[in-house]
Amino acid sequence: MTVLTESAARAGVDPHLAPASLDPEADLMLLHFGPQHPSTHGVFRMDLLLDGEMVLKATPYVGYLHRGVEKLCEKLSFVQQTPIVDKNDYVAPMTNEQALNMAFERLLGVEVPRRARWMRTIFAELQRIASHLLWLGTFTLDLGGALGGGTTLFMHCFRERESILDLFEEVSGARFHYNTHTIGGNRHDLPAGWDANVERALRVIESRLGEYEAMSVANSIFVARTRGIGVLSGDLALELGITGPNLRASGIDHDLRRDAPYGAYDELPVRACVAREGDCLARARVRVDEIRESIRLVRAGLAGLPDGPICGFKPIRQPTQVKIAGGQAYVAIEGPRGELGTFVVGGGDPATAPHRLKIRAPSLHALSAIPYIVPGHTVSDAVAILGSLDPIMGEVDR
Amino acid sequence: MAVTDAGPLYRLPLAGEEEVAYEHPVLGSVLQAPGLSLAATGVDRLLTWGLTNSLWMFPMATSCCAIEFMAAAASRVDLDRMGTILRGTPRQTDVMIIAGTITVKMAPRVKKLWEQMPEPKWAIAMGSCAISGDFYRNLYPVVPGVDTIVPVDVYVPGCPPNPEALMHGLLRLQEKVRMRRAGQLVVREASPALLELTRPTIARLGDPARDRALDRQQEQAALHATEAEPAGTLSEARPPEPPATQARDEVTPSLEALLRDEFGVTDLPADAAPVIGADRHVALARRLRELGHTQLVYIVATHFPEKAGARPQPERFEVAYALRSVGPGSHVAAWRLSLAPGEGAPTLVGLFAGADWQEREQYDLLGVRFDGHPDLRRLMLPETWTGHPLRKDFAADAPCRPWR
Ligand code: SF4
C-alpha cells in the first residue's frame with residue numbers, strides 16, 4: 001500500500017518499496033549489516049541492497065536491545081525509576097535522570113531550588129562533553145577501522161572522557177549510572193574543592209581540543225571520508241523528528257536550551273552551534289563546537305553557582321512516598337543527542353507508579369533517517385553515516 | 001581420562017557428571033608414549049603460555065557494559081597489555097565477552113556467534129545483565145542470564161563492572177585456562193548462593209534441571225532465528241484511580257484558538273491535551289504544520305482498561321500527538337485521540353516521515369492500529385511475538401520459551 005505523501009522533503013524516496021522491485025533480475029546482493037558488527041554502535045541491523053559497492057536501498061531494523069523499560073517503569077514507584085532510566089542512553093545518564101525527574105516535578109508541581117537547577121545544568125554540560133568525546137573517538141574508529149588510523153583519536157578521547165567520569169564519581173560515587181537526581185533536586189551536593197578539579201579537567205580538554213580538531217574535522221582524510229556524505233536536508237530532518245546536533249548540522253537553528261529554557265539556561269545564555277551542509281562533516285563540526293560551548297557553560301555555571309538547598313522536595317524515606325493521581329505531562333530537555341523527553345501519564349495502579357511512561361529518544365528518530373540518506377553511497381560510507389548520527393541503542397530500543 | 005562425549009571439549013559438567021580435566025586431543029596421546037612425555041610436557045607448557053597470554057576477544061557488546069568494556073580497552077586501563085586483541089569476527093577469537101543485556105530477539109544470534117567460535121573457547125559474562133538479567137530479569141524481552149545459552153567461565157559482577165574488574169576477570173580466566181591445561185580441577189565459578197539469589201526461570205547450562213530437550217530447542221531456535229513460541233499470559237489488572245487535576249501539557253494559545261475557531265472544540269481539559277475526533281486529526285496536523293509546527297515530537301499510545309465501579313468506563317486507547325515549532329520561542333502543540341478497542345487511528349505518515357517508526361512502535365507495544373500506514377509491522381519485538389506488552393493485561397514477566 002502506498003500513502004499519498006504530502007512532502008517534497010523525502011525527494012521521492014519510498015522506504016517501503018519492496019527490494020524485489022529494485023532488483024528485477026535478482027542479481028543484486030542483500031547484505032545483512034549487524035546486529036553484531038563492530039561499527040553498528042550496539043546491536044543494530046541494516047539490510048543493504050548492493051549493486052557492487054553501491055547501496056541501492058537500506059532497511060534499518062531495531063529492537064535487539066528492547067528491554068521493556070517502559071513496562072518496568074509502570075511497575076516501579078516514581079522514586080525507583082531514576083536508576084532505571086540511567087541505562088537508557090548509557091553514554092549520557094545525567095541527562096536521562098534530569099529529563100525523567102523534571103517530568104515528575106511538573107506533574108507534582110514541585111519547585112526545584114536554584115542551586116539544584118544550576119548543578120543540574122553543570123552536570124548536563126559536563127555530560128555533553130563526555131558524550132561528544134566518546135562519539136568523536138568511536139566515530140574516527142568507524143572511519144579508520146579498529147586497527148587503522150582511527151585508534152589514536154579513540155585513545156585520546158577516552159583519556160579525556162575519563163577525567164569527566166572522575167568528576168562525576170567524586171559527586172555520586174559511580175563512574176556512570178549516577179542516580180544523583182531526585183524529585184525536586186539533587187541527592188549529592190558538590191564535594192569541597194570540586195570546582196578546582198573541574199577547572200583542571202576543563203583546561204586539559206580545552207588545550208587538547210585543537211589537536212583533536214586537527215586530527216578529525218580539519219584532517220584531509222577525515223574530510224574526504226565525510227564531506228558530502230549522507231546529506232540530510234533540514235526539512236526532512238524536521239519531518240523525521242530529528243533533533244540536537246543532527247538537526248543543527250542541517251541548518252535548522254534550534255536548541256531547546258536557548259529556545260525553551262529550563263534549568264539554569266534562562267540565566268546562562270547558550271549559543272547554538274549550527275552548520276548548513278547537513279553532511280557527516282557538518283555533524284562532526286557541530287559536535288566539536290558544542291564541546292567548546294559546553295566548556296564555556298560549565299565555567300559560567302560554576303562561577304555563578306548560587307548557595308542554598310539542593311532539593312525542594314521532602315526527603316525520600318520510602319518508595320511509596322510519592323503519589324500522582326492523574327494528569328499528563330511532557331517535558332523535554334536538550335540532551336547530547338537531541339530532544340530527550342519524558343511523557344508521563346499519572347494515575348497508575350497503584351498511584352505510586354505512572355500509568356504510562358514513554359521516553360522520547362532522539363536516537364530513534366535519528367536512525368529513521370537511514371533509508372533516506374544512505375542509498376547512493378558505498379558500504380564504507382554507510383558506516384560513516386551511521387556513526388555520524390550518533391545513535392545509542394539503549395535509548396533507541398529502551 | 002577421556003573426553004566424555006563428542007560435545008565441546010571445554011564445558012561445565014552436566015548433572016551427575018564427573019568434572020573431567022581438559023585433555024589436549026593430540027598431546028594427550030603423545031603423553032602416553034614412553035620417553036616422549038618429557039618433551040611433550042615442555043611443548044605443552046610453551047603452548048599454555050602462548051594461549052593464556054594471547055586470548056583474542058570477541059566483543060558480544062550490546063549495551064552499557066560495552067561502554068565500560070571500551071573504556072577498559074582504551075588508554076587508562078589498556079587491556080591490550082595482557083596480550084588480548086579485539087576481533088570483529090568470532091572465527092578468529094578465543095574469548096567471548098558478553099557485555100550487556102541479552103534480549104530474546106538477540107539470544108539466537110548470540111548462540112549462533114558462540115557456535116562459530118573455534119575450540120577451545122571461553123566466555124566471560126560481564127555485568128549483572130549478562131549474569132542474571134539485572135533488574136530486567138523478570139521482564140518479557142530479557143534473557144535472565146546468558147549462562148542459559150552459553151557456558152560461562154568467568155562472571156564479572158557489577159552494573160557496570162569497572163574496567164579494573166574486567167581486567168581481574170581476565171586474569172581469573174587465564175588462571176583457569178592454565179589450571180585446566182595442567183589437568184587440575186577447576187571450581188565452578190558461580191557460587192551456589194548466587195544461583196540461589198538469582199534463581200533462573202530456565203535452567204542454566206550445567207544445572208541439574210536442564211535437559212537435552214532445552215538445548216535442542218535453543219539450537220533449533222538459533223538456527224531458525226525467530227521461532228519463538230507465542231508469549232503472553234494474562235494477569236488481573238485493576239482500573240486506575242480517577243485523574244485529579246494536575247499540570248496540563250503545553251497547549252499553546254494558538255492551538256487553543258485553532259481548535260476553537262476551526263475545529264469547534266471547546267472542551268479543553270485542565271490536566272491533559274485536548275481530545276480530537278479521529279476524522280479531524282490529520283487535518284489538524286496539517287493546519288498545525290502550516291502554522292509553523294514543523295517538527296514531529298512524539299506519538300504515544302496509552303491503554304486504559306475497562307473500569308467498573310461508581311463511574312464505569314469502557315476499555316479505550318488514547319493516542320497522544322505532539323508537534324513542535326522550532327527556533328526561538330519554540331513550543332509544543334499536543335492533542336489526543338480516544339479510540340475504542342479495535343478502532344484505528346488515521347496515519348500521519350503522509351505528513352511526517354517520522355511517524356512511520358513512531359506508529360510502528362505503538363502498534364508493536366500496544367496493538368493500536370494506524371489506518372493507512374504503508375508498513376505496519378512490529379518494530380521492537382520479533383515478528384513472531386504475540387501480544388502487546390504495554391497493554392495493562394499483559395504480564396510483565398511473560399515467559400518466552402526457550403529463552404526465558
Ligand atoms: S549490568 Fe548494568 S551497566 Fe551492564 S548492561 Fe546491564 S544495566 Fe547496563
Side-chain angles (χ1 to χ4, degrees), chain A residues 1-7 10 16 35-36 38 42-43 62-68 70-72 75 87 90-91 106-107 109 146 154-155 158-159 162 177 238-241 252-254 259-260 325-330 341 343 345-349 351 355-356 358 360 364-365 368 394 397, chain B residues 62-64 67 71 74-76 86 88 101 103 105-106 109 113 135-136 139-142 159 162 238 240-244 246-247 249 271-272 294-298 300 302 320 322 326-332 334 347 349-354 356-357 372 374-375 379-381 389-390 396:
Chain A
M1 193 188 345
T2 50
V3 197
L4 204 57
T5 302
E6 302 178 27
S7 143
R10 283 174 231 177
H16 309 299
Q36 205 340 291
V43 277
V62 298
Y64 293 97
L65 191 56
H66 175 65
R67 307 190 266 197
E70 288 168 8
K71 187 83 175 176
L72 183 60
K75 301 282 163 196
K87 280 90 179 173
Y90 41 75
V91 173
R106 164 85 60 92
L107 267 184
F154 170 76
M155 292 290 173
F158 264 72
R159 178 183 59 193
E162 289 283 341
H177 302 339
L238 286 173
E239 242 195 61
L240 287 164
I252 308 285
D253 188 3
H254 171 69
D259 300 334
Q328 301 188 351
Y330 174 72
F343 176 87
V345 180
D349 176 35
H355 184 75
R356 171 90 164 94
K358 148 110 180 163
R360 187 233 187 249
L364 179 68
H365 292 264
S368 63
D397 299 341
Chain B
T62 64
S63 56
C64 351
I67 303 292
S75 28
R76 185 184 281 187
L86 283 178
T101 325
T103 61
K105 192 165 172 180
M106 194 62 200
R109 276 95 180 162
L113 288 165
F135 44 72
Y136 309 107
L139 279 166
Y140 59 93
V142 173
C159 178
N162 282 357
R238 278 188 291 130
E241 305 287 312
Q246 292 283 351
D249 209 319
D271 64 341
T294 46
Q295 187 181 49
L296 178 79
V297 182
Y298 60 73
V300 189
T302 311
V326 293
S330 159
H331 52 246
V332 167
T347 179
V349 173
L351 278 172
F352 291 95
D356 182 356
W357 276 19
D375 187 25
L379 186 68
M380 296 297 175
L381 292 164
L390 283 188

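These numbers come from a predicted model, not from an experiment. First the proteins, then the strands, lettered A, B, ... as listed; each starts at 1.
Residues F158(A) and R76(B) have side chains not in contact (no heavy-atom distance under 4.5 Å, counting atoms from C-beta outward).
Using a 4.5 Å cut-off between heavy atoms, V142(B) touches chain A through its side chain atoms alone. Heavy atoms closer than 4.5 Å to chain B are found in the side chain of K358(A), but not in its backbone. For chain A, no part of A322(B) is nearby; none of its heavy atoms comes within less than 4.5 Å. Both the backbone and the side chain of D397(A) come within contact range of chain B, judged by heavy atoms closer than 4.5 Å.
Each of L113(B), L379(B), L390(B) has some count of heavy-atom pairs under 4.5 Å with chain A, and the biggest count is that of L390(B). Each of W357(B), F352(B), F135(B) has some count of heavy-atom pairs under 4.5 Å with chain A, and the biggest count is that of W357(B). Most heavy-atom pairs under 4.5 Å with chain B: of the set D253(A), V62(A), V91(A), this distinction falls to V62(A). With respect to chain B, the highest number of heavy-atom pairs below 4.5 Å among V345(A), I252(A), L238(A) belongs to L238(A).
For the pair K105(B) and Y64(A), the distance from NZ or CZ to the six-membered ring centre is under 6.0 Å and the angle to the ring normal is within 45 degrees.
Judged as a salt bridge (charged side-chain N to carboxylate O under 4.0 Å, His left out), and not counting sequence neighbours, the contacts of R356(A) are E70(A). In this view, Y140(B) and H66(A) satisfy the side chain to side chain donor-acceptor pair (under 3.5 Å) rule, not counting sequence neighbours.
What you find for Y136(B) and R67(A) is that their closest heavy atoms are OH-CZ, 3.5 Å.
Of the possible donor and acceptor atoms, one in the side chain of S63(B) sits under 3.5 Å from a partner among the backbone N and O of T101(B).
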